[in-house]
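This report refers to the structure that appears directly beneath it.
Order of the sequence lines sets the chain letters (A, B, ...), proteins ahead of strands, with each chain counted from 1. On a predicted model such as this, the values are computed, not experimentally measured, just so you know.
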2 protein chains.
Amino acid sequence: MRSATGGAEEPGTVAAPPDTSARARILEAAVLRFARSGFGASVRAVATDAGVSPALVIHHFGSKDKLHEACDEHVLAWIAKSKRENMGKATGGRLLEVLAQADEFAPLVGYVLRSMQAGGAVGKSFVEHMIDDAEKYTAEAVEQGLAKPSLDERARVRYLVYSSLGSLLLSVTMNPPDDPEDVNTAVRAFMDDLYLPMLELFTEGFLTTRRMLDDYLLYVGDPPPGAGEDEPAA
Amino acid sequence: MRSATGGAEEPGTVAAPPDTSARARILEAAVLRFARSGFGASVRAVATDAGVSPALVIHHFGSKDKLHEACDEHVLAWIAKSKRENMGKATGGRLLEVLAQADEFAPLVGYVLRSMQAGGAVGKSFVEHMIDDAEKYTAEAVEQGLAKPSLDERARVRYLVYSSLGSLLLSVTMNPPDDPEDVNTAVRAFMDDLYLPMLELFTEGFLTTRRMLDDYLLYVGDPPPGAGEDEPAA
DNA sequence: CAACAGGCTAAACAGGTGTTCAGTGTTCGC
DNA sequence: GCGAACACTGAACACCTGTTTAGCCTGTTG
């Protein structure tokens, strides 16, 4: 077998042989296992999946928490890369759906969902990035006249991201796929069921009058006018 | 083996006037502990909270799973009662918010959220009941001319419930309150932040044109006219 | 009074957990 | 060749888990 354990990894795009190292195999197995069974999965389970001994997992990563962190970093790096590559075709809040369709990435999507479920770092980071992106996209959409302006753009974006990701998370949690690996099936089912009402709500709204909105505005006072200066901590 | 507590007495029908009994104290402590720390909390933790020995917990409930089931039943019964009492003032998807404001019920709300997070029975039941209720309320709202009719009423209701509960769950998961007991603070913060954009979306929509909706309708074919009841296979 | 019953507990059990340790080979620089 | 560094493992350790066992203690009943 090749040694080639030099720290310098070749950034070759096509030939990527060095991911057969035990460390990489463990990391991949851990991401998959955590996505499947949640972060309570045992080190022994990860080791078995990777075909190594539990001691080797600790030897390479130091502890289970460190392994968890390494998985987080790994997935975050993958998200950053995927975001760059899919910038064009995945607009707005549909990044996850697009990614989930690629079987290759499905386990990673599962990991993100698990992290959101557990309130972990990856989930938080993913949601925040999603909000930042969505803010940009909606601003463009407003400029182009595709989307209506909002009384509070930032708050609207937060709401849109929270409701879309939250509903997806809830749907997957309530109706977990038989094989925990193919999250894409669950995501697809979610989209099939709920895409129409979402689109309908987005184009036509839900209420017939402005009464509730106006009453609320009167009650809480005016929201930040247009481009709010800054938001002091409450 | 001799069964210590004769299984003759059916729980629920037994008239237990003093809820100061150890069994009741354990049940209450378990609901609170599970809401606080999730269902991974140990039997010993519950026992300590209740001021009893771990053995007594098992003695009264048989096993940890049985204790979990008993908690579920307890909370479900409470939900049913609260729904009956608050039918009038809590309309639509705002039941949880109303209930969360009553400090007395806050831990129970926390339990419901935990169960939704874990995909447990209480969460599932709660969501389904919520959908049933919301369907009734929106039907009334449509009749009264307050809400616009939908291409698929059932799907819209499901979407509304999933997005409101899902966004709440995600918000609480991402920003857990310092003291896990007062969920009401987190719920209140969620409402303060996201109620305006929600209301805005409901009254004005988001998109300026019907193009995306029409394109989608053309793509998937017409939705079930009126009361469609079929579930498309994946 | 004695005898029994049941709520209740301390202690232990069996099993799983993350982690450590001593010791395999195998490979590399000298 | 040598010795060191390396990836790697089986076995153990200490701890925590749910659960069981034996027995205490109190109240009731004969």
For this session: Return the set of residues passing ring pair (Phe, Tyr, Trp, His ring centres under 6.0 Å) with B/F39 (not counting sequence neighbours), or none when no residue passes.
Result: B/F34, B/H68, B/Y111
Problem set entry | Summary of protein contacts for nucleotides 17-24 of chain C, nucleotide by nucleotide, where a base hit scores B, a sugar-phosphate-only hit scores S (4.0 Å, heavy atoms) | BBBBB---
Exercise. Whole Å only: how far is the CZ atom of A/R23 from the P atom of D/dA7?
Worked result: 10 Å
Exercise. Taking only residues two or more places apart in sequence or in another chain, which ones pass side chain to side chain contact (heavy atoms under 4.5 Å, CB included) with B/H129?
Worked result: B/K83, B/S125
For this session: Give a yes or no on whether A/E135 atom CD has more than 12 heavy-atom contacts from other residues, nucleotides or ligands under 6.0 Å away.
Result: yes
Exercise. Do A/R154 and A/D132 meet the salt-bridge criterion of a basic N to acidic O distance under 4.0 Å?
Worked result: yes
For this session: Tell me, please, which residues at least two apart from A/S37 pass side chain to side chain donor-acceptor pair (under 3.5 Å).
Result: A/R33
Problem set entry | Value in whole Å for how far the C1' atom of C/dG7 lies from NE2 of B/H60 | 6 Å
Exercise. Just how large is the angle between the end axes of the helix from C/dC1-D/dG30 to C/dC30-D/dG1, five pairs per end, to 10 degrees?
Worked result: 20°
For this session: Check the distance between D/dG18's P and B/E69's CD and give it to me in whole angstrom.
Result: 16 Å
For this session: Decide, yes or no, whether a salt bridge links B/R156 with B/E153 under the criterion of side-chain N to carboxylate O below 4.0 Å.
Result: yes
Problem set entry | Any pair counted as salt bridge (charged side-chain N to carboxylate O under 4.0 Å, His left out), so long as it reaches residues 111-126 of chain B, sequence neighbours left out | none
For this session: Answer yes or no: does atom CG of A/D179 have more than 12 heavy-atom neighbours from other residues, nucleotides or ligands under 6.0 Å?
Result: yes
